[in-house]
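Heads up, the thing below is written out as structure tokens.
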Number of protein chains: 2
Amino acid sequence: MTTSRRPGSLAIDANPASDKEFERVLKAIASTRRLQILEWLKDPSSNFPEQIHGDPELHGACNQFIVEKLGVSQPAASRHLKVLVDAGLILATPRKGWTYYRRNERAIADVVRRVASI
Amino acid sequence: MTTSRRPGSLAIDANPASDKEFERVLKAIASTRRLQILEWLKDPSSNFPEQIHGDPELHGACNQFIVEKLGVSQPAASRHLKVLVDAGLILATPRKGWTYYRRNERAIADVVRRVASI
DNA sequence: GATCTAGATAACAACTTAGCTATATGGCTA
DNA sequence: TAGCCATATAGCTAAGTTGTTATCTAGATC
């Protein structure tokens with residue numbers, strides 16, 4: 001952001017770092033694949049097969065099931081999950097060789113709140 | 001979207017066209033430049049110089065002023081505005097050789113509502 | 001009609017995104 | 001320790017984004 005910043009500038013100018021972070025989160029959700037993942041994770045036990053280890057309600061679903069549902073390669077799914085993790089929208093729990101993912105409802109609520117003021 | 005679609009599939013699967021449209025709108029706002037434009041257009045008369053023709057409150061601000069505030073080239077600003085227009089988030093009014101832009105509050109409210117359910 | 005000017009479009013470069021295959025990593029399990 | 005399996009990373013390609021400069025277009029005005 002190289003624009004000049006006057007004293008009377010608006011909220012969007014006030015905190016460039018926070019604006020960039022907001023942009024990152026918006027980019028993370030601006031993808032049908034990732035919106036699907038977020039949707040599925042609302043109800044892991046309905047949307048994914050039974051898991052041997054790990055309570056789906058507690059820890060979420062593992063990468064493997066998301067790969068199957070998305071219909072893309074394992075690395076592609078892995079990267080979509082990383083984008084969501086980096087944006088803070090989901091949380092990863094490694095456990096017994098698998099990694100479980102669940103929604104970060106607090107972060108999601110923050111995004112919703114901020115989008116409400118655009 | 002090449003995934004199989006079962007009868008019990010969720011909202012995000014229900015209407016792929018609408019999902020793609022939602023994705024397009026999210027991509028449109030996932031840009032600090034375009035968020036700035038939307039912010040400025042909340043109050044055109046405060047954020048832009050006086051205009052000879054066209055009531056800023058009624059028609060919004062013209063491209064020229066947005067170019068100056070953004071600090072990018074005229075074509076770059078023009079394209080950002082086009083992205084917002086294509087997403088339906090702002091409305092363009094050509095008048096006396098200038099084009100005025102204003103927020104489409106209804107469309108913005110729709111986005112906010114849909115983001116609230118991600 | 002000729003000219004001027006605002007805005008849109010074209011064409012290009014640099015960067016990012018999203019898919020793939022191949023391979024590395026790292027924790028179970030035997 | 002050795003091997004296995006899930007996940008992450010590397011390296012590649014194709015496509016999309018964002019900036020630039022140059023040019024086109026269309027109204028307004030003289």
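Numbers restart at 1 for each chain; the letters A, B, ... are given by sequence-line order, proteins then strands.
Rounded to the nearest 0.5 angstrom, Tyr100(A) OH and Leu91(A) CG are separated by 16.0 Å. We find the CG-CD1 distance between Leu41(A) and Ile108(A) to be 8.5 Å, quoted to the nearest 0.5 Å. Taken to the nearest 0.5 Å, the CD1 atom of Ile29(B) stands 12.5 Å off from the OG1 atom of Thr32(B).
Considering only residues two or more places apart in sequence or on other chains, Arg79(A) meets the side-chain hydrogen bond (donor to acceptor under 3.5 Å, both in side chains) condition with none of them. Every residue was checked against the side-chain hydrogen bond (donor to acceptor under 3.5 Å, both in side chains) condition with Gln74(A), not counting sequence neighbours, and none meets it. Residues forming a side-chain hydrogen bond (donor to acceptor under 3.5 Å, both in side chains) with Arg34(B) (at least two apart in sequence, or on another chain): His80(B).
Between Ser73(B) and the phosphate of dT20(D), there is a side-chain N or O to OP1/OP2 separation shorter than 4.0 Å. Side-chain nitrogen and oxygen atoms of His80(A) include at least one within less than 4.0 Å of the OP1 or OP2 phosphate oxygen of dG19(C).
In terms of modelled atom types and a separation under 3.5 Å, the side chain of Arg103(A) and the main chain of Leu38(A) share a donor-acceptor contact.
Within the helix from dG1(C)-dC30(D) to dA30(C)-dT1(D), the inter-axis angle between the opening and closing five-pair segments is 20°, rounded to 10°.
Put simply, the side chain of Leu89(B) does not reach to within 4.5 Å of the side chain of Asn104(B), judged on heavy atoms. No side-chain heavy atom of Lys69(B) sits less than 4.5 Å from a side-chain heavy atom of Ile37(B).
In this structure, Leu26(B) atom CG and dT17(C) atom P are separated by 16 Å, rounded to whole Å. Protein atom CG of Asp86(A) is 13 Å distant from nucleotide atom P of dA18(C), rounded to whole Å. Ile29(A) places its CD1 atom 17 Å from the C1' atom of dT17(C), with the value rounded to the nearest Å. Distance, Trp98(B) CH2 to dA28(D) P: 10 Å, rounded to whole Å. Between the OH atom of Tyr100(A) and the P atom of dA8(D) there is a distance of 13 Å, rounded to whole Å. Protein atom CG of Leu84(A) is 16 Å distant from nucleotide atom P of dT7(D), rounded to whole Å.
When heavy atoms are screened at a 4.0 angstrom cut-off, Ala76(A) is found touching the sugar-phosphate backbone but no base atom.
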Quick one: which protein N/O atoms are closer than 3.5 Å to N/O atoms of nucleotides 8-13 of chain C? Pair and distance per line, please.
unit_1, atom_1, unit_2, atom_2, d
dA8(C), OP1, Tyr101(B), OH, 2.9
dA8(C), OP2, Asn63(B), ND2, 3.0
dA8(C), OP2, Ser78(B), OG, 2.6
dA8(C), N7, Gln74(B), NE2, 2.8
dA8(C), N6, Gln74(B), OE1, 2.9

Nucleotide N/O of nucleotides 15-17 of chain D paired with protein N/O under 3.5 Å:
none

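In terms of position on DNA chain D, the residue among Ala92(A) and Val83(B) whose nearest nucleotide sits closer to the 5' end is Ala92(A).
Counting all heavy atoms, side chain and backbone alike, Val67(A) lies closest to Ala77(A) at CG2-CB, 3.6 Å.
Applying side chain to side chain donor-acceptor pair (under 3.5 Å) to Asp110(A) and the options Arg114(A), Arg106(A), Arg113(A) leaves one that passes, Arg113(A).
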